[in-house]
Peer 1: 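Take this structure first; my questions come after.
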Amino acid sequence: MSGDNAFVVVANRLPVDRVDGQWVASPGGLVAALAPVLKRNSGCWVGWPGEPDATFSPFTHDGIRLQPVELDADDFEEFYEGFSNSTLWPLYHDLIVTPRYHREWWQRYRAVNEKFARAAADAAAEGATVWVQDYQLQLVPGLLREMRPDVTIGFFLHIPFPNPDLFRQLPWRTQVLRGLEGADLIGFQRRRDEANFLDLAASDPEAHTPRTGTFPISIDASEFDKADDAAITKVRELVSNPRTLMLGVDRLDYTKGILQRLTAIEELLEEGRLESAALIQVATPSRERIDSYKATRAGVEEAVGRINGRYGKLGRPVVHYEHHAVPKSQLRNYYSAADIMLVTPFKDGMNLVAKEYVACHPDGSGALVLSEFAGAAVELNRAHVCNPFDVESVKNSIVSAIEAQDSPAARDAMVQMNAHVREHDVSRWAEAFLSELAAVRRNR
Ligand code: GDG
């Protein structure tokens with residue numbers, strides 16, 4: 001059976017959330033970039049609607065056709081929390097926590113990938129283009145290739161691809177590799193990720209290596225620009241007008257290095273190297289039932305409490321901590337108001353937060369402290385680069401960012417990075433991938 005969609009996106013989640021019985025768009029660069037392509041090509045998006053044990057018929061939202069894939073509570077636990085986020089996520093982020101290898105989780109991962117592949121096969125028209133997203137769905141290309149040899153399949157990995165020596169820990173490494181190989185084109189964030197994949201494929205005599213490419217993802221730059229002065233003044237007043245306002249914005253995830261940046265700030269305060277400074281830390285709740293996420297949250301919250309207890313004054317905490325999502329307009333005000341942005345992941349496929357901050361400083365204001373282990377460090381190479389495993393390096397980058405503030409060199413760096421992000425936005429990313437995929441398709 002084939003459907004009538006010439007272009008199909010397959011992702012773990014649909015680009016909508018159900019709030020009080022209504023579908024609302026879940027904001028994200030991916031949907032912004034793909035919406036025009038979907039509309040132009042009578043396309044559809046296949047994904048999970050976010051509620052376990054619920055059946056929904058296909059529907060259209062904001063002009064995009066959505067094809068829900070149903071997951072039950074066991075799928076959520078074993079496929080999503082288990083294999084995707086307790087096996088693959090830590091393995092692909094270089095073992096920041098120890099990956100857990102469970103055969104039941106693997107069986108479930110395979111079964112859920114089959115559901116997604118089946119839904120994509122049903123939605124795709126004869127000769128359609130199907131673009132599969134991310135680590136949760138690595139078997140879909142191979143499964144879909146068997147079901148529908150006529151379609152052209154692209155795959156993009158949003159997270160890092162590990163060194164083969166780490167990847168080979170995975171008991172199901174061959175099956176995952178075979179799954180990915182079903183794609184006509186596999187896209188990675190950084191050259192290093194692509195090279196890791198090619199090394200792995202080269203060491204496997206059975207491998208049939210598909211075309212690969214490096215396509216660093218970006219943001220919808222039209223959504224991020226400097227807020228007006230009144231909004232900036234308001235944010236700074238709310239945090240008691242510190243001389244230096246620092247900002248962190250992350251999903252609360254152990255890969256993001258939130259505790260390490262708090263430790264750096266605490267030590268700088270201890271040493272008297274940081275005066276009249278405040279930090280806004282937005283830590284959006286994420287994967288909250290997984291033990292390693294609970295432990296990360298506990299560590300972060302203990303540090304926030306301790307730092308405020310030691311160095312805060314009445315009505316003047318050092319760390320303003322928000323453990324909930326904030327609206328995008330408010331996020332933009334925070335980005336615009338912050339003197340220093342702290343992006344200190346141990347490992348990150350790209351890190352869009354760094355690009356969003358830079359996009360909010362077209363006038364050369366602000367400074368970015370950026371981990372060398374974020375994919376974004378390749379393009380944002382005029383940031384204050386740090387090694388999050390070395391607390392002295394994080395401290396020194398914070399101090400040098402503060403000292404360089406308002407210097408011509410600092411302004412020049414921000415203006416140059418801003419221009420880069422504006423030019424290389426998420427639409428350009430999607431076009432680059434899809435035109436490469438179209439070229440592969442013509443040569444098939
Ligand atoms: C994965 C990869 C890769 C965060 N808090 C709020 C909020 N956000 C938004 C940010 C940003 C997005 O969430 C986070 O994106 P990141 O890229 O920083 O990180 P991951 O979630 O880990 O994403 C990553 C990405 O995929 C894309 O390929 O870059 O490496 O790990 O857009 O703004 N948005 C709102 N309120 C919040 O409180 N509105």
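Position 1 is the first residue of the sequence, and the numbers go up from there. As the structure lists them, so they are numbered: ligands from 1, and atoms in each ligand from 1.
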Peer 1: Does a side chain donor of either Asp75 or Tyr80 reach within less than 3.5 Å of an acceptor in the other side chain?
Peer 2: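 Side chains of Asp75 and Tyr80: no pair found under 3.5 Å.
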
Peer 1: Less than 4.0 Å from atom 1 (C) of ligand 1, is there any heavy atom belonging to the protein?
Peer 2: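 Given the 4.0 Å limit, the answer for atom 1 (C) of ligand 1 is no, no protein heavy atom qualifies.
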
Peer 1: For ligand 1, which atoms, with element, lie under 4.0 Å from some heavy atom of Gln189?
Peer 2: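 By the 4.0 Å cutoff, the relevant atoms are 3 (C), 28 (O).
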
Peer 1: So for atom CZ, which belongs to Arg110, do other residues, nucleotides or ligands contribute more than 12 heavy atoms lying within a distance under 6.0 Å?
Peer 2: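 No.
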
Peer 1: Given salt bridge (Lys or Arg N to Asp or Glu O under 4.0 Å), test Arg191 with Glu194 step by step and report yes or no.
Peer 2: CA-CA 5 Å; Arg191 293 242 176 268; Glu194 185 184 0; 3.7 Å; yes

Peer 1: Quick one about Gln136 and Asn85 (side-chain donor to acceptor, distance below 3.5 Å, no hydrogens or angles considered), yes or no?
Peer 2: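 No, because no side-chain N or O of Asn85 sits under 3.5 Å from a partner of the opposite role on Gln136.
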
Peer 1: Under 3.5 Å between any N/O of Asp250 and any N/O of ligand 1: does that happen in this structure?
Peer 2: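 No.
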
Peer 1: List the residues meeting salt bridge (charged side-chain N to carboxylate O under 4.0 Å, His left out) with Arg178, not counting sequence neighbours, and say none if there are none.
Peer 2: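 Partners of Arg178 by the salt bridge (charged side-chain N to carboxylate O under 4.0 Å, His left out) criterion, ordered by chain and then number, come out as Glu181, Asp204.
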
Peer 1: Of the backbone atoms (N, CA, C, O) and the side-chain heavy atoms from C-beta on, which set of Trp429 has a member under 4.0 Å from an atom of ligand 1: side chain, backbone, both, or neither?
Peer 2: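 For Trp429, no heavy atom sits under 4.0 Å from ligand 1.
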
Peer 1: Among Val353, Leu331, Ile217, which residue places a heavy atom closest to atom 34 (N) of ligand 1?
Peer 2: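 Ranked by closest heavy atom to atom 34 (N) of ligand 1, first place is Leu331.
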
Peer 1: Among all protein non-hydrogen atoms, which one is nearest to atom 21 (O) of ligand 1, and what is the separation to 0.1 Å?
Peer 2: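 The answer is Arg251 NE, 2.9 Å.
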
Peer 1: Is the Phe156-Trp429 ring centre distance short of 6.0 angstrom?
Peer 2: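 Ring centres of Trp429 and Phe156 closer than 6.0 Å.
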
Peer 1: Polar contacts were defined as any N/O atom of the residue lying under 3.5 Å from an N/O atom of the ligand; does this apply to Lys256 and ligand 1?
Peer 2: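 It does: an N or O of Lys256 is found under 3.5 Å from an N or O of ligand 1.
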
Peer 1: Which residue and atom name correspond to the protein heavy atom nearest atom 12 (C) of ligand 1, and how close is it?
Peer 2: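 The protein heavy atom lying closest is Glu356 OE2, 4.7 Å.
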
Peer 1: Does Ser26 have any side chain to side chain donor-acceptor pair (under 3.5 Å) partners at least two apart in sequence or in another chain, and if so, which?
Peer 2: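 Side chain to side chain donor-acceptor pair (under 3.5 Å) list for Ser26, sorted by chain: empty.
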
Peer 1: May I ask you to list the atoms of ligand 1 that are less than 4.0 angstrom from any heavy atom of Val282?
Peer 2: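 Atoms satisfying the 4.0 Å criterion: 38 (O).
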
Peer 1: Evaluating non-hydrogen atoms only, which member of Leu252, Leu157, Asp348, Val326 is closest to atom 35 (C) of ligand 1?
Peer 2: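 The option holding the nearest heavy atom is Val326.
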
Peer 1: Given Glu423 and Arg428, is the salt bridge (Lys or Arg N to Asp or Glu O under 4.0 Å) satisfied, shown in steps?
Peer 2: CA-CA 8 Å; Glu423 197 184 329; Arg428 187 160 160 164; 3.3 Å; yes

Peer 1: Out of Val426, Leu352, Leu30, who gets a non-hydrogen atom closest to atom 18 (O) of ligand 1?
Peer 2: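 Minimum heavy-atom distance to atom 18 (O) of ligand 1 goes to Leu352.
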
Peer 1: Of the protein's non-hydrogen atoms, which lies at the shortest distance from atom 4 (C) of ligand 1, and what is that distance?
Peer 2: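 Checked against all protein heavy atoms, atom 4 (C) of ligand 1 sits closest to Thr284 OG1, 3.7 Å.
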
Peer 1: For residues Gln175 and Tyr109, is any side-chain donor paired with an opposing acceptor at under 3.5 Å?
Peer 2: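 Result is no, nothing qualifies.
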
Peer 1: Are any of the N/O atoms in Asn351 less than 3.5 Å from those in ligand 1?
Peer 2: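 Between Asn351 and ligand 1 (N or O atoms, distance only) the closest approach is under 3.5 Å.
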
Peer 1: If we only count N/O pairs under 3.5 Å, is Met350 in contact with ligand 1?
Peer 2: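 Yes, Met350 has an N/O under 3.5 Å of an N/O on ligand 1.
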
Peer 1: Report yes or no: does Trp89 have a heavy atom closer than 4.0 Å to ligand 1?
Peer 2: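 Trp89 counts as a contact of ligand 1 under the 4.0 Å cut-off.
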
Peer 1: Looking at atom 27 (C) of ligand 1, what's its closest protein heavy atom, distance included?
Peer 2: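 That would be His158 ND1, 3.6 Å.
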
